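One structure below.
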Amino acid sequence: MDFTLTEDRAMLKDMVARFVADNYPLEKRHEIAESTDGFSREMWAQFAELGLIGALFSEEDGGFGGAGFDISVLFEELGRGLVVEPFLASAILAGGVISQLGDDEQKSALADIIAGGRLAAFAHGEPDGRYDLSAVKTTCSKGEDRWTLNGNKAVVLNADTADLLVVTARSSGDAWDEDGVCAFLIPADTDGVEIRGYPTIDGLRASEISLNNVKVPDSALLGAEGKAYPAVEMAIARANVALCAESIGLMEVCRDITLEYLKTRKQFGVPIGKFQALQHRMATVLTEIEQARSAVINAAGRLTLDRIDREKAVSTAKTLCGQIGRLVAEEAIQMHGGIAMTWEYSLPHFAKRLIMIDHQFGDVDYHMARYIELSAAQAA
Amino acid sequence: MDFTLTEDRAMLKDMVARFVADNYPLEKRHEIAESTDGFSREMWAQFAELGLIGALFSEEDGGFGGAGFDISVLFEELGRGLVVEPFLASAILAGGVISQLGDDEQKSALADIIAGGRLAAFAHGEPDGRYDLSAVKTTCSKGEDRWTLNGNKAVVLNADTADLLVVTARSSGDAWDEDGVCAFLIPADTDGVEIRGYPTIDGLRASEISLNNVKVPDSALLGAEGKAYPAVEMAIARANVALCAESIGLMEVCRDITLEYLKTRKQFGVPIGKFQALQHRMATVLTEIEQARSAVINAAGRLTLDRIDREKAVSTAKTLCGQIGRLVAEEAIQMHGGIAMTWEYSLPHFAKRLIMIDHQFGDVDYHMARYIELSAAQAA
Amino acid sequence: MDLNYSDEELAFRDEVRKFLDEELPKSLSDKVLTGKRLTRDDMQGWHDILNNRGWLADGWPEEYGGTGWNAVQKQIFEDESCAAGAPRIIPFGLKMLAPVLIKYGSDAQKDYYLPRILDGSDWWCQGYSEPGAGSDLASLKTRAVRDGDHYVVNGQKTWTTLGQYANKIFCLVRTSTEGKPQEGISFLLIDMDTPGITVRPIILLEGTHEVNEVFFDDVRVPVENLIGEENKGWTYAKYLLTHERTNIANVGANKVALAHLRHIAKLQKIREKPLIEDPYFAQRLAQIEMDLDAMSTTNLRLLSSPDSVANAGPMSSMLKIKGTEIRQAINDLTRRALGPYAMPFVSEALDAGYNQEPIGPDYAAPVAADYFNNRKITIYGGSNEIQRGIISKMMMGL
Amino acid sequence: MDLNYSDEELAFRDEVRKFLDEELPKSLSDKVLTGKRLTRDDMQGWHDILNNRGWLADGWPEEYGGTGWNAVQKQIFEDESCAAGAPRIIPFGLKMLAPVLIKYGSDAQKDYYLPRILDGSDWWCQGYSEPGAGSDLASLKTRAVRDGDHYVVNGQKTWTTLGQYANKIFCLVRTSTEGKPQEGISFLLIDMDTPGITVRPIILLEGTHEVNEVFFDDVRVPVENLIGEENKGWTYAKYLLTHERTNIANVGANKVALAHLRHIAKLQKIREKPLIEDPYFAQRLAQIEMDLDAMSTTNLRLLSSPDSVANAGPMSSMLKIKGTEIRQAINDLTRRALGPYAMPFVSEALDAGYNQEPIGPDYAAPVAADYFNNRKITIYGGSNEIQRGIISKMMMGL
């Protein structure tokens, strides 16, 4: 056992931290988030140049990392900067599925993704599906040498700026069957693909997508027909590690802003940090953040284990980070008082993102239930 | 709507409060609880004389009360005194079933119960039944003019000193069917009834009972064959109102002892009540006790409503009193520190009883689940 | 003890229902029940309807136009109004300033201002908090210096809710720096049109404009606009805050919000089954229902108890704490109920007249924003920490 | 970063398992795993077995007979020992006094006392708390007055765990009343056989005798029994408390208690199904599992991090808080798991040799008593409130 970062990862961490601190102040982040694209293509190019997208892919795929701890180190720092660029959508999710299922031809897209030249998005969740990974009702039926896709996709991150979409659809079985889920890699401008983009409350961009008789060639199918589920599950496990690590960065920023405020804001003639009730609550916040960090380390390190142990660790991390993230966000706002309710102050933007992470790829209740199911399956 | 006590109940409350304060100091209570019977026959006679047992029965049954608010007023004061006499076992539970189902002959026992001359207990719960009201596996089979009972009863309050037992058994159906539950009123010394008494951790007495080919006459059957369930449910609803009211008394004693301690115990040169962290937690304790009290008022007042509304109110009260009782007990101990861990101090005895009430007739989880089921049934 | 409504109470409830049925515009209740933003005219319109019926001032003595209702009647009115989708009554003039005027104002002030509050001539806002004086209100710095028959006011107020619509502001100002901070405060009524007043919007974390900063630059206020005595304003301010906290329990509004959550939970599906049947969700929902059921009785019990006046401070603190905690729990669970559809946020969708197709279910649009916006309720009107301090001081002597 | 055991660590674990398999008496592990009370001989016996193997002193430097294990090895040993049902090692001499002796004791003291701790010649108990000095330890009043080459000690200590078995006590005593309360405290080693010492049992709320009061009435203690310098005892005391807190995380014991809870939850039935399948119960259990899984990593991470020495105070405070909270959650849920059978309490059933049929399931007897008894863990060793104070002072500068 060893709890120190490798030298490479320590360097990566420092580099991202420095870049974000120097180039991504909060006003700039607001400007970027409110732009039409919802992110900055210029920033994206710089991130690519620094190798940050590549850090999320294995050497085999043309990257130089791709392990759980690479994800967690990078996303923690992205969280600290409230970075909105599509690392999750393009690299972890779409890139992750292509990497697992793609043939050589399809995988050639990875080079562009890593270089930042092409953007991809992962159109998987559906309007009635909530967080369930196998809730695919979108259909794909096979004709002579092409497939026809019909259905709807919900809250797809960064789809409205994507060049490529990884779309899941069902060739057999009922919704909630794991078997029968297919994945396709298609250009986002394929006929019949309608994308309606919108902002999210925490400053990201997402889209509703409708697929109306979308015709795609056989060569768009990723992997074997109906066998995409395990790759989807794995990509989302990695996405959850990324989100949990991002939440650690956010929690620590919320903590630091609040500590600073407690030391400087005076009421009743003393800094409010002198009030014992707040001190004790803050001590709880600090203690719990250490717990969340441990859970993320466990999940990142266990990504290579068997499916059940891997998924249990991921669900543990997402549950604890959801619970503790909410505690941190709500306590930080409450201890600040009114100032934390205002747009022009920094804290609420971190708090909003921290809360909304619970709505991506499974909230506290979903992951708790999933953990219980996995435990039961393991015991059986 | 009216939230003031009637004059009669206000007098009852005062009388019990005064009697308990004068005659039931904690050392005496310990002595009584540790005696062979686990209660004092002398006290019981005095309680009877004061009319306190009668307050739990309607005029029709020879009492002078019996409504929800009579129960709640009395048990709150009994809680304050940590009174161990068998009000719950003899009057509310056994007496309550007899009152609902008994014929004139059987009901004649009520006069003795009210006068304190005879004691009754309610042998209903079973070793595998947990808190489920219909979990009756004890069988009763009918012969010529008598019944034969076989089975086991668990954690029966005050059975080892009872003269009479109300025993439930099943004449048809499976365990967990409401239909098929019978109740019998039998002498406790009937052949084949084996009673093993023991103390409980909170100072009460309970028993395990085994019924081995117990022969009882037809005349022992309470009400119609297989139709006792509604009366059992009602008796236990009233028992839960009693327990919740008792818990209010306990909570307020814990609160008052703790407040006194916070004002007098000094650490770091000041009374510990000057520490803001404790002040804020204590404010929460006070606020929550008001919530618990409201829930008990609601349950006591709604005992006369339709079954579902009645049972929802009871489950709400038992859930909230369980949650808040635990909060109060644990916070009171923690704020005291070491002294609260000792037998010779008063607080822990109230705290123990407060915690263990959750284990009688349904804990927080049981009543939460029951509430949800009842709500679903109501919505359907 | 009797938890049932008396015949008179039932008759009153029917009367309220009939009134709401006949007088509350459907277009308005639709907006309220779907979480759309209300305009100034929406709020003022409902105010006028209530005033016409004589049901506007439920906390005023009858001689000034109050309803004369007891605690149970007030609760019935609140429950029914909320359930029907009536907008909340803007409280600044009616529920905050008016009690102060009635108790401490001069006859001239009462005669002039009270009718104008009722008929809508004046829209009041509150000038209490300052950037450096939040929980510690007594540290306020806005100065009022006597100059002939005027005060000259300089300083800044903040968190002025709906100040953008107001023509009047009641202010706490410092008229003396001697003695304890509480001792040099006065209570002034100020016309928002007076030269030297500037109103600047504060945008909240979810992007809305509800509150404002108000700047005072040599603003001349006639001395007859002083309430009571100079330097005694702290007494009046505390009286007002106690009244504010009593209203803040918000039982009726919480019941409606909970009903809306139940409605959503029946429509949302989890693995093809209604979310409301999911055991974890059901448990969270049941907990809130139980808490609110008890809270509703706590509210009535404390408000109608004979010692309610003596204990008004700590009792209303308990109501504030528990009422706001329950509301935040409802907001939180509603957010969760939506799953991924809590994320989309198209601000225009909250304005009446937005006619594009909603993103996700039609009830989704305001939910996350409401969750964030309602973080304020445990902060304003005396934060819940301040309330806990009041309870420990006044009820426990700690 | 690597969460897996290295080959060396795996080999060590196998060695530990083999040792436990061969050396831990079955009669002893049965008692531990079924929650029976241990006798003095039980505890001393296991102490001796460990000492024979050289595995007793895992926190001591090797030169004094320590094991030389790193943080991971210590955790492996703790996990395996707990899982096998080994009794906890009585910490007063080994883990509390010894670090102080090693750091601050004279050579003569080290040479004399350390071997006697290892070989069991001395059973130490702790004389820290007093009736008026609990969380505020520095306010202690037990006086030690110099008289020739002795100190004369008068006063009272309390919460002296297992003092009834001890032949030695280490005490904080007041040797000066000048300066701050912390400045006049000294650290004395006292023989329990000295005339003037009286031990009186304190019975705990569930009826057990674990702790004692110790009275000192003109007790004469040789001056060579002073540790370090007179009036510097507070420094040594704090050093000891930090070590105590580090041990208090109790990850291994918590894992065993959790496994026992899972075991019970599989046997208990709710409507004929195992309790562990009940969604509400499963949720509470999963929460604890998750918390403990993270806690276990927090523990290793903080103990093995390079700055562990610098931050020893606040870090061990975090471990104390979280470790005790998790343990109490386990005790609470175990109690609930029993349903009505949490109530029966036949104290004799907890003594070895009790041979009557159990009331209810055979695992039920100690459960409620354990819940109540373990309320102490958030109080002793510096209450969790004191720990939160340490965190806010040392990590946050508040």
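Given the structure is predicted, the values throughout are model-derived calculations rather than measurements. Per chain, numbering begins at 1; letters A, B, ... match sequence-line order.
At least one side-chain heavy atom of C/Ile379 sits under 4.5 Å from a side-chain heavy atom of A/Ile333. When side chains are defined from C-beta on, C/Tyr280 counts as touching A/Ile372, because their heavy atoms get closer than 4.5 Å. Under the 4.5 Å side-chain criterion, counting only non-hydrogen atoms from C-beta, A/Gln360 is in contact with C/Met343. Considering only heavy atoms from C-beta on, A/His359 comes within 4.5 Å of C/Arg335 through its side chain.
Ion pairing of A/Glu373 with C/Arg271 is present here, as a side-chain N (NZ or NE/NH1/NH2) and a carboxylate O approach within less than 4.0 Å. A salt bridge links C/Arg200 with A/Glu344: at least one charged nitrogen is closer than 4.0 Å to a carboxylate oxygen. By the 4.0 Å N-to-carboxylate-O rule, C/Glu385 lies close enough to A/Arg281 to be salt-bridged with it.
Distance check, rounded to the nearest 0.5 Å: CG of C/Leu204 to OG1 of A/Thr342 gives 8.0 Å. Summarising the geometry, atom OG belonging to C/Ser135 is positioned 9.0 Å from atom CZ belonging to A/Phe275; distances are rounded to the nearest 0.5 Å.
Scanning all heavy atoms of the two residues, the minimum distance from A/Met356 to C/Ala368 falls at CE-CB, 4.3 Å. Contact between A/Ala154 and C/Tyr341 at its shortest, heavy atoms only, is CB-OH, 3.1 Å. Of all heavy-atom pairs between C/Trp159 and A/Ile339, the closest is CZ2-N, 3.5 Å. Here the closest non-hydrogen pair linking C/Asn373 and A/Met341 is O-CE, 3.3 Å. Heavy atoms only, all atoms of each residue included: C/Gly207 and A/Trp343 are closest at N-CE3, 4.1 Å.
At a 4.5 Å heavy-atom cutoff, C/Pro181 makes no contact with chain A through either its backbone or its side chain. Proximity to chain A is absent for every atom of C/Ala349, based on heavy atoms less than 4.5 angstrom apart. Both the backbone and the side chain of A/Ala369 come within contact range of chain C, judged by heavy atoms closer than 4.5 Å. If you measure heavy-atom distances from A/Leu157 to chain C, you find no contacts under 4.5 Å at all. Only the side chain of C/Ile202 comes within contact range of chain A, with heavy atoms under 4.5 Å apart. Neither the backbone nor the side chain of A/Leu347 comes within contact range of chain C; no heavy atom of the residue lies under 4.5 Å from a heavy atom of that chain. Contacts between C/Asp332 and chain A at a heavy-atom distance below 4.5 Å involve the side chain alone, from C-beta outward. Using a 4.5 Å cut-off between heavy atoms, A/Arg205 makes no contact with chain C at all. Residue contact with chain A, scored on non-hydrogen atoms closer than 4.5 Å, involves the backbone of C/Leu338 exclusively. Within the 4.5 angstrom heavy-atom criterion, no atom of C/Gln283 approaches chain A. If you measure heavy-atom distances from C/Gln328 to chain A, you find no contacts under 4.5 Å at all. If you measure heavy-atom distances from C/Ala133 to chain A, the contacts under 4.5 Å come from the backbone alone. Interface residue A/Phe268: backbone and side-chain heavy atoms are both found under 4.5 Å from chain C.
Top candidate by heavy-atom pairs under 4.5 Å with chain C, chosen from A/Asp365, A/Asp363, A/Leu204, is A/Asp365.
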I would like to know whether C/Lys269 and A/Glu126 meet salt bridge (charged side-chain N to carboxylate O under 4.0 Å, His left out); could you show each step before the answer?
-> CA-CA 12 Å; C/Lys269 294 285 198 309; A/Glu126 302 200 355; over 6 Å; no
Test side-chain contact (heavy atoms from CB on, under 4.5 Å) applied to A/Tyr131 and C/Ile270, step by step = CA-CA 9 Å; A/Tyr131 303 117; C/Ile270 183 164; over 6 Å; no
C/Asp136 and A/Lys266: salt bridge (charged side-chain N to carboxylate O under 4.0 Å, His left out), yes or no, with the steps?
-> CA-CA 9 Å; C/Asp136 180 16; A/Lys266 286 188 180 175; over 6 Å; no
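More than 12 heavy atoms of other shown residues, nucleotides or ligands fall within 6.0 angstrom of atom NZ in A/Lys137.
A/Gln334 and C/Thr378 are linked by a side-chain donor-acceptor pair at a separation below 3.5 angstrom, with hydrogens and angles left out of the test.
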